[in-house]
S.K.: 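Sending over a structure as structure tokens; questions will come in a sec.
All values below were derived from every heavy atom in this structure, side-chain atoms included, with hydrogens, water molecules and symmetry-related copies excluded.
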Amino acid sequence: MNAQPSLPVDGAEALAEPVVRLDRIERSFGVVQALRGISLALKPGRALALVGESGCGKTTCARIIARMDQPTAGRMYFRGRDITHPGAKADEAAYRRAVQMVFQDPFASLNPVFSIQHHLARPLKLHGHVSSKAEEISGVADLLTSVGLDPAVTAHKFPHELSGGQRQRVNIARALGVRPDLLVADEPTSMLDVSIRLGILELLSRIKRERQLALLYITHDIATAAYVAEEVIVMFAGQMVEWGDTQAVIRQARHPYTKLLLSAVPDPDRPFVPGDSARFLGHAEEVRRISRPASDTIEQVGPNHFIRALGA
Amino acid sequence: MNAPLLQIRSLDVDYLTDGGAFRAVKNVSFDIGRGELFGLAGESGCGKSTIAYAITRLSKPPAWVAGGEVLLDDQDLLKLPEAALQKVRWRRIGMVFQSAMNSLNPLMRVAAQFHDVLARHIGATKAQSRTRAEEMFKLVGIPAIRLDDYPYQFSGGMRQRIVIAICLALQPELIIMDEPTTALDVVVQREILEQVIDLQRSHGFSVLFITHDLHLMAQLCHRVGVMLKGELVEVGDVRQVSRAPAHEYTRKLWGSIPQLPGHGAAA
């Protein structure tokens with residue numbers, strides 16, 4: 001009854017040099033091992049989805065990539081250069097310019113006392129992309145147009161005059177104003193109505209394609225990952241449990257946790273059956289139990305499709 | 001068929017603004033039967049939560065119920081004196097909101113919060129409350145020993161289940177659930193709703209389930225209503241509304257939901 005999502009197709013981008021690459025990144029908070037052996041590459045013009053439940057480590061991973069946090073082990077590369085340890089100020093500034101974030105809460109991430117014009121002009125001015133008032137105004141207009149908002153209607157408005165979806169578009173425009181190479185979107189649609197999520201996902205896909213941006217899309221909703229990302233990583237308890245081509249992972253899921261995640265996506269054609277809760281809860285608990293232990297054994301199950309063997 | 005438990009008749013709710021009254025709910029009528037799961041869907045700002053608040057007269061200014069009736073067993077809640085209404089709230093109509101997990105008092109142990117509700121509404125003693133709380137925890141699948149924990153010691157999903165448990169402890173006839181799982185992961189959402197379905201079956205209460213997710217509503221509810229800009233544009237059996245939506249807006253809403261590739265044909 002619905003249109004099928006048109007899945008992104010692979011092109012030459014798959015072979016390009018990554019903007020950012022993580023190699024066996026670890027992060028522990030005291031005794032809690034929040035991230036274990038995270039390796040991934042973010043390439044121009046391609047999107048990677050990081051999927052998992054609250055507490056699985058996906059936001060910790062985003063914070064490390066955005067340089068808001070430091071890994072406790074492993075290496076990080078920026079255009080092939082090792083940047084694991086903070087370097088010269090100029091290098092740090094270059095990295096932060098190249099990597100921009102879009103946050104989950106569109107209501108909290110805009111300052112209520114400033115107009116949209118002000119919000120979008122700031123990155124343009126701070127990063128020296130404009131040198132006159134006229135350029136500033138046209139720059140903001142271009143940004144708004146690129147995210148599907150009408151500058152004549154939107155620029156002079158204040159955040160409270162916009163809907164959640166419109167605010168999220170402004171947040172994306174603000175990130176684009178810095179002219180980044182990598183956009184990290186942490187649950188950009190989870191606070192929006194389902195009915196406007198698709199529009200935001202399509203916008204992210206278009207920007208990625210047109211600007212050859214690398215995109216890291218973080219979500220707990222595996223169904224939306226298919227709309228944006230060529231590749232997906234399913235995380236559980238700080239580990240990557242299944243990863244590879246989005247199509248393969250979703251259509252031929254192999255890891256029990258990925259299967260659980262897929263089975264929980266709301267499906268109007270499968271009504272809940274009364275009397276089933278004990279079975280489902282028991283099953284979910286069992287899957288979590290067997291997926292939790294650390295494991296270093298990785299199994300290749302397709303051309304670009306991997307799972308982590310269950311630990312002891 | 002028995003008389004419906006709740007009948008909403010021509011409900012109008014206004015928000016008073018500087019520019020005059022804005023009608024957020026326009027002439028809305030629907031029934032909820034005994035033991036029925038009724039879903040109300042629509043986008044942000046369509047008035048669905050405004051209806052939830054109006055039913056138990058929790059609307060706060062600038063919201064103002066401008067007209068209509070809310071009949072619980074033929075008794076109009078909108079005309080009831082405040083004292084009588086307090087016997088209806090929680091006792092007969094329970095409420096679970098989206099941020100309900102944040103509505104637990106962070107400074108009180110969970111057991112004390114059960115007692116707070118049970119003592120207030122049915123005059124239970126500490127020992128009676130404890131017994132009841134243990135039964136309720138068992139129902140929602142949390143070990144009874146954890147009653148002595150504080151809210152921060154539970155995950156978001158568990159806190160939401162605790163709120164549902166407190167709500168059920170008074171055995172209400174109707175539970176209003178306003179986006180009860182929107183802030184949670186899909187797996188946790190499914191766990192909670194599967195339990196709600198089972199508890200509904202065993203306890204026989206009715207549910208008004210409010211959500212923006214049509215797919216989820218179709219999995220859960222018997223009958224559904226779709227709202228657009230304050231008006232109820234379509235009401236009917238869940239199969240009919242999902243398979244053959246009559247209203248153009250309902251069709252649009254269905255088509256706009258992200259879903260897994262290969263769904264339907266392959267599954």
S.K.: Just give me the residue among Gly52(A), Gly199(A), Pro274(A) that pairs up with chain B most often, heavy atom to heavy atom, under 4.5 Å.
M.R.: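 Greatest number of close heavy-atom pairs with chain B: Pro274(A).
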
S.K.: Hey, are the side chains of Gln259(B) and Val194(A) touching, using non-hydrogen atoms and a 4.5 Å cut-off?
M.R.: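 In short, these two side chains do not touch, never coming nearer than 4.5 Å.
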
S.K.: Would a 4.5 Å heavy-atom cut-off, applied to side chains only, mark Pro266(A) and Gln189(B) as touching?
M.R.: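 Heavy-atom side-chain distance check passes, below 4.5 Å.
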
S.K.: What part of Arg251(B) gets within 4.5 angstrom of chain A, counting heavy atoms only: side chain, backbone, both, or neither?
M.R.: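 Arg251(B) has no heavy atom closer than 4.5 Å to chain A.
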
S.K.: Heavy-atom pairs under 4.5 Å with chain A are the metric here; pick the option from Glu191(B), Arg201(B), Gln200(B), Lys252(B) that has the most.
M.R.: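 Heavy-atom pair counts peak at Glu191(B).
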
S.K.: Heavy-atom count check: over 12 atoms from other residues, nucleotides or ligands less than 6.0 Å from Lys229(B) NZ?
M.R.: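 Not more than 12 within 6.0 Å, no.
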
S.K.: In terms of heavy-atom proximity below 4.5 Å to chain B, should Ser263(A) be classed as side chain, backbone, both, or neither?
M.R.: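 Both parts, backbone and side chain.
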
S.K.: So, for Ser54(A) and Asp185(B), which heavy atoms are closest and what is the spacing to 0.1 Å?
M.R.: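 Scanning both residues, the minimum pair turns out to be N-OD2, 2.8 Å.
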
S.K.: Heavy atoms, side chains only, cut-off 4.5 Å: are Arg239(B) and Pro271(A) in contact?
M.R.: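 With C-beta onward as the side chain, the pair touches.
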
S.K.: If you compare all heavy atoms of Gly255(B) against all heavy atoms of Leu198(A), which two are closest, and at what distance to 0.1 Å?
M.R.: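 Minimum heavy-atom separation between Gly255(B) and Leu198(A): O-CD1, 4.2 Å.
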
S.K.: With a 4.5 angstrom heavy-atom cut-off, which part of Leu253(B) approaches chain A: side chain, backbone, both or neither?
M.R.: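 When you check distances to chain A, only side chain atoms of Leu253(B) fall under 4.5 Å.
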
S.K.: Around atom OH of Tyr53(B), are there more than 12 heavy atoms from other residues, nucleotides or ligands closer than 6.0 Å?
M.R.: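 No, because the 6.0 Å sphere around OH of Tyr53(B) holds 12 heavy atoms or fewer from other groups.
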
S.K.: Determine which residues belonging to residues 14-25 of chain B lie within contact range of chain A, meaning some heavy atom pair is under 4.5 Å apart, and list them by number or answer 'none'.
M.R.: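 Listed by number: none.
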
S.K.: Would you indicate whether the side-chain heavy atoms of Val265(A) and Arg190(B) approach each other to under 4.5 Å?
M.R.: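 Result no, sub-4.5 Å side-chain heavy-atom pair not found.
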
S.K.: Do the charged groups of Arg197(A) and Asp213(B) touch, with an N to O distance under 4.0 Å?
M.R.: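 Asp213(B) and Arg197(A): not salt-bridged.
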
S.K.: Against chain B, label Ile250(A) side chain, backbone, both or neither, depending on which of its atoms sit under 4.5 Å from a heavy atom there.
M.R.: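 For Ile250(A), the side chain is the part near chain B, not the backbone.
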
S.K.: Could you walk me through whether Leu260(B) and Leu262(A) pass side chain to side chain contact (heavy atoms under 4.5 Å, CB included), step by step?
M.R.: CA-CA 8 Å; Leu260(B) 289 167; Leu262(A) 287 165; 3.6 Å; yes

S.K.: If you tally heavy-atom pairs under 4.5 Å against chain A, which of Thr211(B), Asp198(B), Ile197(B) wins?
M.R.: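 Most heavy-atom pairs within the cutoff with chain A belong to Asp198(B).
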
S.K.: Within this structure, what is the OG-CD1 distance for the pair Ser44(B) and Ile196(A), rounded to the nearest 0.5 Å?
M.R.: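 Result: 6.0 Å between the selected atoms.
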
S.K.: Between Ala218(B) and Pro268(A), what is the shortest heavy-atom contact and its length?
M.R.: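 Closest pair (atom of Ala218(B), atom of Pro268(A), distance): CB-CB, 3.6 Å.
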
S.K.: Sort by residue number and list every member of residues 276-283 of chain A having a non-hydrogen atom under 4.5 Å from chain B.
M.R.: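 Checking residues 276-283 of chain A against chain B gives Asp276(A), Ser277(A), Ala278(A), Phe280(A), Leu281(A).
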
